[in-house]
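Reviewing the structure listed below.
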Amino acid sequence: MSQLLDNLNPEQLAAVTLPPQHALILAGAGSGKTRVLTTRIAWLIQNHHCSAQGILAVTFTNKAAKEMVARLSAMFPINTRGMWIGTFHGLCNRFLRAHHREAGLPQLFQILDSGDQLASIKRLLKALNVDDEKFPPKELQHFINGQKEAGIRPAAVEAWDDFTRRRVELYVEYEAQCQREAVVDFPELLLRSYELLERNEPIRRHYQARFRHILVDEFQDTNVLQYRWLSLLAGKGTEGGASLFCVGDDDQSIYRFRGAEVGNMRDFERDFRVGSVIRLEQNYRSHGNILDAANALIARNSKRLGKNLWTDRGAGEPVRIYEAFTDSDEARWIVEEIQSLVRDGMSRSDIALLYRSNAQSRVLEHQLFSSGVAYRVYGGLRFFERQEVKHALAYLRLINNPDDDTAFNRVVNFPTRGIGARSLETLQDAARTFNTPLYQTVPHLSGKPGTALGQFVGLIERLRQETANLPLHEIVEHVIERSGLSAHYKAEKEGQERLENLAELINAAANFSAEAGAAYEAEEGAVDGSALAGFLAHASLEAGDHQADAGSEAVQLMTVHAAKGLEFDAVFLSGLEEGLFPHENSILESDGLEEERRLMYVAMTRARQRLYISFTQSRMLHGQVRYNLRSRFLEEIPEGLTKWLTPPSPRRSFVSEPSTRYYNPGAAKPAMASMPPPPPMKSRDLGGLSIGQSVQHARFGDGVIVAAEGSGNDARVQVKFETAGAKWLMLAVAKLTPVG
DNA sequence: CTCGGGTAGCTTTTT
DNA sequence: GCTACCCGAG
């Protein structure tokens with residue numbers, strides 16, 4: 001117990017030992033957030049503030065949940081099984097399985113991942129003969145999920161125009177289809193749970209009485225529905241209930257685009273009259289210069305709860321800045337620098353190469369590859385998203401729940417068994433007529449038992465019977481063999497890797513039985529039903545690691561988003577250019593720039609010892625060479641903390657943005673006068689115009705030149721107009737008048 | 001049914 | 001510039 005609290009700093013200690021009450025912990029990057037969260041749980045239990053059953057801890061990713069459980073078990077022999085620790089979706093799944101009847105779901109309901117959901121929507125639009133040009137499936141998916149995540153059912157959507165009204169109708173149809181097929185999408189897991197808690201008083205009271213302490217990780221990433229779910233569970237006000245312990249960092253809120261609502265932090269303070277806001281500001285990760293640079297940058301954001309990281313580790317090295325001519329030059333320099341770090345003894349896996357968008361990885365990969373530097377890219381397809389794995393899972397899903405039309409469509413003709421679009425269309429039509437799922441419709445088709453479709457149904461029936469009494473991993477193995485998948489990939493030239501993945505799936509099933517089996521059958525029979533159903537839910541809820549040979553001694557490549565929560569000795573931050581970072585799309589969004597700045601803050605605070613920032617004068621993007629200004633974020637890092645590895649060239653003033661008030665060309669260091677002139681690319685003949693120049697156009701109005709290409713008669717400039725958006729204009733044709 | 005040619009679109013992502 | 005997806009030909 002005394003050991004438990006050893007080495008906590010005063011703020012961490014205060015957070016861990018708060019008396020039971022609502023609390024908001026503002027935990028800066030690298031401030032020991034996870035440690036506080038887990039120690040808090042251990043402290044609560046050891047001091048008899050509650051039993052393990054009284055704890056609910058919720059995270060966003062399976063990784064974070066697993067880490068919490070691992071750290072807790074390492075702390076003291078604790079019954080983690082009794083606790084509810086998991087992701088929002090994982091916990092809601094557990095809840096809905098336990099109360100499926102009250103939630104209006106069959107016990108063996110299946111979970112649709114995003115891809116399944118999209119397929120389901122496409123199928124719906126087709127069946128309803130909806131023009132998918134007018135209603136693009138992706139857009140409809142976004143619409144439906146957006147409504148659900150705001151807690152809005154179709155009847156409550158405010159639809160003022162025909163377009164929205166039609167989308168609401170499709171939302172209704174989609175809900176009906178899911179119900180018919182006994183499937184539940186991700187946001188539905190949340191919404192169903194919320195609604196059930198809300199309308200069913202006995203169940204609500206049961207859980208409110210049970211959970212004494214609710215702990216939330218990455219609270220800044222919660223969406224509206226998640227916050228409401230937490231509020232309901234905590235039972236604020238008359239119903240008594242749990243203490244909410246929310247840990248988050250508003251400066252690291254980078255997921256607004258997927259519904260995260262930072263405002264939840266302020267709302268939480270207000271709604272729950274949070275008396276204690278504790279700031280964890282001591283950083284155990286980075287050296288002083290890196291922290292100071294990050295602090296100075298984030299200080300320019302206006303909407304902050306306020307926080308300043310510090311360290312006692314010393315200033316360390318300056319932030320290194322490098323300007324390259326082209327993206328390949330930038331990549332070449334980065335790889336050379338990496339090689340030199342490795343020569344000096346740094347481990348490749350302690351080096352990260354970060355970028356704003358995935359498209360940037362290609363040039364970097366190319367250079368790493370040709371220099372023979374081992375690297376690893378995060379962000380590809382994940383295990384349970386692979387084609388062959390999804391196919392195998394689809395067979396398993398059909399055994400588990402034949403009404404799952406998404407699974408049916410996926411494998412009815414894979415491997416091919418002569419069931420073409422024609423027969424499927426007939427089947428679809430019949431299914432609509434009889435209002436039955438596809439599987440059940442097959443026997444209705446005018447008594448031809450020998451048809452290919454009939455044989456397919458026969459196959460599934462046979463598989464179900466043959467596997468009825470087998471242990472889980474043998475079910476999986478049997479289905480892979482007897483469905484024809486195995487033979488299909490054996491025959492395929494490139495099938496070897498797929499076969500290995502299928503073998504890995506059998507492994508995963510064996511592991512699942514061994515590990516999760518025990519946990520799942522704990523208390524309340526939360527997930528009974530078959531092991532198969534549990535495994536399928538697991539496969540949907542946890543897409544698996546991003547592949548890439550883990551553990552190998554390799555440089556880590558990923559987007560800044562993917563790097564959140566990670567740390568490295570050396571971090572290379574590439575592509576610090578206007579339009580890329582901050583991304584051009586974000587500049588038009590309200591508060592978009594502040595979110596980009598937070599993203600930059602996250603990126604910088606990943607570095608322990610060395611931070612490199614680079615940008616280029618020209619970059620190939622969307623098949624065009626673009627000439628971008630260097631990012632305004634570079635101007636927001638105080639000069640004394642940086643070291644330019646190339647001579648800093650003057651940044652053209654960025655006319656349309658108020659942030660330039662921080663940039664004062666007049667105050668340029670005298671040394672700049674002796675710097676070499678800007679390289680030739682910048683001095684291209686634009687008829688007296690330059691990048692950054694404000695111009696006027698007769699039709700499009702006022703704008704700023706943001707890029708240029710070609711020369712002479714072919715010279716073109718890209719102008720970002722205030723109202724008309726970005727346009728490429730031929731200088732020889734367009735009449736542009738310089739302004740100012 | 002499979003292959004390949006043509007074309008639209010292109011920030012970030014977990015569950 | 002790349003790629004994912006759609007459609008038409010074989």
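Lettering of chains follows the sequences in order, A, B, ..., and the numbering in each one begins at 1.
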Go through the structure and list residues passing side-chain contact (heavy atoms from CB on, under 4.5 Å) with [X], not counting sequence neighbours.
X: A:Lys63; value: A:Thr61, A:Leu566
X: A:His488; value: A:Phe414, A:Pro415, A:Glu492
X: A:Lys490; value: A:Glu481, A:Ser486, A:Leu499
X: A:Ala294; value: A:Tyr601, A:Met604, A:Thr605

Under 4.0 Å from OP1 or OP2 of B:dT13: is there any side-chain N or O of A:Arg382 that close?
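So the side-chain polar atoms of A:Arg382 never come under 4.0 Å of the phosphate oxygens OP1 or OP2 of B:dT13.
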
Start and end of chain A contact along DNA chain C [non-hydrogen atoms, under 4.0 Å]:
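Terminal contacting nucleotides, 5' to 3': C:dG1 to C:dC2.
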
Could you verify whether a donor N or O on one side chain and an acceptor N or O on the other, from A:Asn628 and A:Glu578, lie under 3.5 Å apart?
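A:Asn628 vs A:Glu578: no donor-acceptor pair found between side chains.
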
Rounded distance in Å between the C1' positions of C:dC5 and B:dT12
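Their C1' atoms lie roughly 22 Å apart.
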
Could you check whether A:Asp113 gets within reach of a base, just the sugar-phosphate, or nothing at all, counting any heavy atom under 4.0 Å?
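It contacts nothing in the nucleic acid.
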
N-glycosidic conformation, B:dT12 - syn within 90 degrees of 0, else anti:
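This nucleotide is in anti.
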
Could you list all N or O pairs between the protein and nucleotides 6-12 of chain B that sit under 3.5 Å apart?
| from | atom 1 | to | atom 2 | distance (Å) |
| --- | --- | --- | --- | --- |
| B:dT11 | OP1 | A:Asn585 | ND2 | 3.4 |
| B:dT11 | O4' | A:His583 | NE2 | 3.3 |
| B:dT11 | O4 | A:Glu589 | OE2 | 2.9 |
| B:dT12 | OP1 | A:Asn358 | N | 2.6 |
| B:dT12 | OP1 | A:Asn358 | ND2 | 2.9 |
| B:dT12 | O4' | A:Arg356 | NH1 | 3.2 |
| B:dT12 | O2 | A:Arg356 | NH2 | 3.3 |

Would you name the heavy atoms of A:Lys148 and A:Pro187 that are closest together and state the gap between them?
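Taking every non-hydrogen atom into account, CB-CB, 3.8 Å.
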
